[in-house]
Amino acid sequence: MDPWQKLPLEEMRSAAEFELYAPHHHRPAYSWFRTFGNRGGTLLRFLLLATLSDKDTTASDLLEYRDGEWHGDYVEPSPLTESDSLVMDPTMGAGPTVIEGARLGVDTVGFDYNPVLWWVVRQTVHGPADFEETFNSFLEAAADEVGPYFDAPAEETVLAYLMALTVDCPDCGDTLELHTQFELSNNDQGESVYLCPNIDCDDRILRTSADRSEQVTCECCQKPFVPEDGNCQRGTFECNCGVQTDLREYFDSRDRTPSYQRYAVFYEDGDGNRRYRELNDTDTTALAEAQSEYRESLGTLPLPISKIQEGKTTGRLLDYGYEQYQQLFTERQRIALGRLLELADEQEPREVAETIVTLVVATLHYNNIHARWDTRRDSVQTIFRTFRHSIPVETVEANPLVDGWKGSLRSAYDRYVAAKTYLESPSETLRTPVGDRDEIKLPEEALRTERIKQLAVSSVDQLDIETKSVDCAVIDPPYYDAVQHGELHDFHYVWLREVLSDRYSEFSSTHVPKLREIAINEHRGKDQAYYRQALRNGLDEIYRTLRADGDLVCLFHIGQESAWRDIATILVQTGFQIRGAIPLMDVENPGAETKIDYDVAIFARKTSSAETISFQTLRQNLLYSIQEMAGEEREYHPDISQLELRTILRARGLAEYSAHHPNVTNDDGAADVDAAIDMVNEVIRKTL
């Protein structure tokens, strides 16, 4: 039985949803540090079991619910512990392949061109598990040194300062405080908190049960306004004089970066109640002292001076006048983060210091000038809500020292500890046929780090591993230009580098090395031709490392017909036989064959001797066998949809062609992969 036929699809997808929607609670090992587009460990566990298990293994052998209990290799002692298999992931990301393989009892190696991802996996696997006393001492020192920067009146703790972008009207010259809406909080408690648009008002905070779509009147200045009607919509702001201006054009015409003004404070009172107020003298003094200390400490703290490189996601930052990464932080945030890194680096032993440094950097995506405010949860949102940089109108300056707060050091520590605890006492969460949630403890799968043979910074086309030594390679290449991992991780890299570059050569360059990143990026001269060639070079190297009977599992996003053609063509041209494929999650049939958008696992092996065969013979063979293939797949997966079946058959239909490539002939010479794909599509249409 082939790997995709062994997969219990309904159970696999249901289990994967737990991790997808609540990664901090289910498999926290891959989410304690912010990465981008990471593939879940649940899916990797299923895929590795299906690929490496005995050929007679069935879907019910992997996982089945019967007699009120779960049974199968997925929730029982791994059948792979006695194997001598080696699993490799050359695009390891946050490390799910490497770690899940080690849990299952096979040896693993992981590579990534990105030093940030290598470092995060290294911390996940080899970082200290118990350093609470040292961390608490670090927090006490941080409270003494950094706490005054967020000073507040007695019986108050500042959680965050809310800020808004300020501009000068190009027509009348008035200074404007921009808001997409004048709502601070709407937490379903029956009361909303609004902000009076009048910046000269003495008491702008308004609490009312009125809906944001209704007109309300400020109790202080009597100004009427509709809270949802902000003065900046869709990148255009409007002055009271009636002139509308495009934000990007505004900053293009001015030689300065965006300026943000603090307009409200979110704080916790002595009774634990969280409230909003305007800034007072204590807030103003604390800010002035933090700014003064920052300027006096220039050149003495570990603060990044790296420039922002031109790129697909970073180009917007440059458009708005940002030149260095430190400009993405207020002066108070810079002095606070610099002091925290300095304190972290002083801790003992060294491995604990490095982990605390990493935890400080893990808070960056909440503690920066572009983090946003969540009005429904009264909380800070990450700078990376999507896989790109954006310039918000309203932002927030959070206090990293507060417990029970998203961007806090304690929160980062708790997430890290949860990750280490999970690896020491792993479990699997499954949903029963009646919808109940089951958690199955697997103490025998506590991570054995000796199973992870190598973690290294390396591009896919230059792997430091012996030829024909790998039994299974898993690759998850970026999808065209969808996610620019290198550019996004520069945000973390430049801070880590300040502390780690003297000890780790992986952090010697000024930015994440992007030369061999497999992604389309016109800003770097990387077009679609480059992408295809880079992916081909990487697969050539994987081909070199695989044993003759080794398996390749290629995870890929099929967002358009050309995506399938590209990955299939590159696999075949590299010398792989495409054996099959399966959508990883539920796929709704869109009703149009060309409208596709889903993630797929493609299974392939090296071709052996490629004997010559005619294209017409291939077509005839497929016509004879396609119905048998379809029946076989329906037998293994009775509930499979037509679109899922078509995906499997498109891959299986290429098996014979890819086994004979490049020795498939037609009247015009060799038949290319596009012709084979067209032929397979035609046969499927005619027979299904």
Item to complete: Give a yes or no on whether the ring-centroid distance for Trp373 and Phe266 is below 6.0 angstrom.
Response: yes

Practice prompt. Using salt bridge (Lys or Arg N to Asp or Glu O under 4.0 Å) as the criterion, list what pairs up with Asp269, not counting sequence neighbours.
Written response: Arg275

Worksheet item: By side chain to side chain donor-acceptor pair (under 3.5 Å), which residues pair with Thr382, not counting sequence neighbours?
Response: His365

Discussion item. Tell me whether His126 contacts the main-chain N or O of Glu351 through its side chain, where contact means a donor paired with an acceptor under 3.5 Å.
Written reply: no

Discussion item. If I take atom CD from residue Glu517 and atom OG1 from residue Thr91, how far apart are they, to the nearest 0.5 angstrom?
Written reply: 12.0 Å

Worksheet item: Which pairs with one or both residues in residues 484-495 pass salt bridge (charged side-chain N to carboxylate O under 4.0 Å, His left out), sequence neighbours excluded?
Response: Glu487-Arg524, Asp490-Lys514

Discussion item. Enumerate the salt bridge (charged side-chain N to carboxylate O under 4.0 Å, His left out) contacts for residues 230-251, please, sequence neighbours excluded, ordered by first and then second residue.
Written reply: Arg248-Asp319

Fill in: is_close_aromatic(Phe182, Tyr263), centroid dist under 6.0 Å
no

Worksheet item: Any side-chain heavy atom of His389 within less than 4.5 Å of one from Phe384?
Response: yes

Item to complete: Just jot down the side chain to side chain donor-acceptor pair (under 3.5 Å) partners of Ser509, sequence neighbours excluded, or say none.
Response: Tyr493

Worksheet item: Do Tyr325 and Trp495 have ring centres separated by under 6.0 Å?
Response: no

Discussion item. My understanding is that only one of Tyr322, Phe329, Tyr320 makes a ring-ring contact (aromatic ring centres under 6.0 Å, His included) with His370; could you say which?
Written reply: Tyr322

Worksheet item: Can you list every side chain to side chain donor-acceptor pair (under 3.5 Å) pair that touches residues 393-406, not counting sequence neighbours?
Response: His179-Glu394, Thr180-Glu394, Arg262-Glu397, Thr330-Glu397, Arg332-Glu397

Practice prompt. Output all residues satisfying salt bridge (Lys or Arg N to Asp or Glu O under 4.0 Å) with Arg274, sequence neighbours left out; order by chain, then residue number.
Written response: Glu268

Worksheet entry | Under the side chain to side chain donor-acceptor pair (under 3.5 Å) test, residues paired with Arg295 that sit two or more places apart | Glu331

Worksheet item: For Asp378, what residues pass the side chain to side chain donor-acceptor pair (under 3.5 Å) criterion, not counting sequence neighbours?
Response: Ser185, Asn187, Tyr276

Discussion item. Do Asp229 and Gln181 pair up side chain to side chain, a donor and an acceptor below 3.5 Å, judged on atom types alone?
Written reply: no

Discussion item. Tell me which one of Lys312, Gln484, Glu310 satisfies side-chain hydrogen bond (donor to acceptor under 3.5 Å, both in side chains) with His523.
Written reply: Glu310

Worksheet item: Quick one: are the ring centres of His26 and Tyr422 less than 6.0 Å apart?
Response: no

Practice prompt. Not counting sequence neighbours, list each pair that qualifies as a ring-ring contact (aromatic ring centres under 6.0 Å, His included) and has a residue in residues 228-249.
Written response: Phe237-Tyr250

Fill in: Lys/Arg-Asp/Glu bridge criterion (N-O < 4.0 Å) met for Lys526, Glu522
no

Enumerate donor-acceptor pairs with a distance under 3.5 Å from any side-chain N or O in residues 137-152 to protein atoms, sequence neighbours excluded.
from   : atom 1 : to     : atom 2 : distance (Å)
Ser137 : OG     : Glu133 : O      : 3.1
Tyr149 : OH     : Glu293 : OE1    : 3.4
Tyr149 : OH     : Glu293 : OE2    : 2.7

Item to complete: Starting from the C-alpha separation in whole Å, work towards a yes-or-no answer on side chain to side chain contact (heavy atoms under 4.5 Å, CB included) for Leu409 and Leu340.
Response: CA-CA 10 Å; Leu409 292 163; Leu340 291 172; 3.8 Å; yes

Worksheet item: Do Tyr294 and Arg334 have side-chain atoms, one donor and one acceptor, less than 3.5 Å apart?
Response: yes

Practice prompt. Report yes or no: is the cationic atom of Arg277 (NZ for Lys, CZ for Arg) under 6.0 Å from the centre of the six-membered ring of Tyr267, at an angle within 45° of the ring normal?
Written response: yes

Practice prompt. Please list all pairs passing the salt bridge (charged side-chain N to carboxylate O under 4.0 Å, His left out) test where one or both residues lie in residues 165-184, with sequence neighbours left out.
Written response: Glu177-Arg204, Glu183-Arg212

Worksheet item: Which one of Arg415, His24, Glu19 satisfies the side-chain hydrogen bond (donor to acceptor under 3.5 Å, both in side chains) criterion with Ser31?
Response: His24

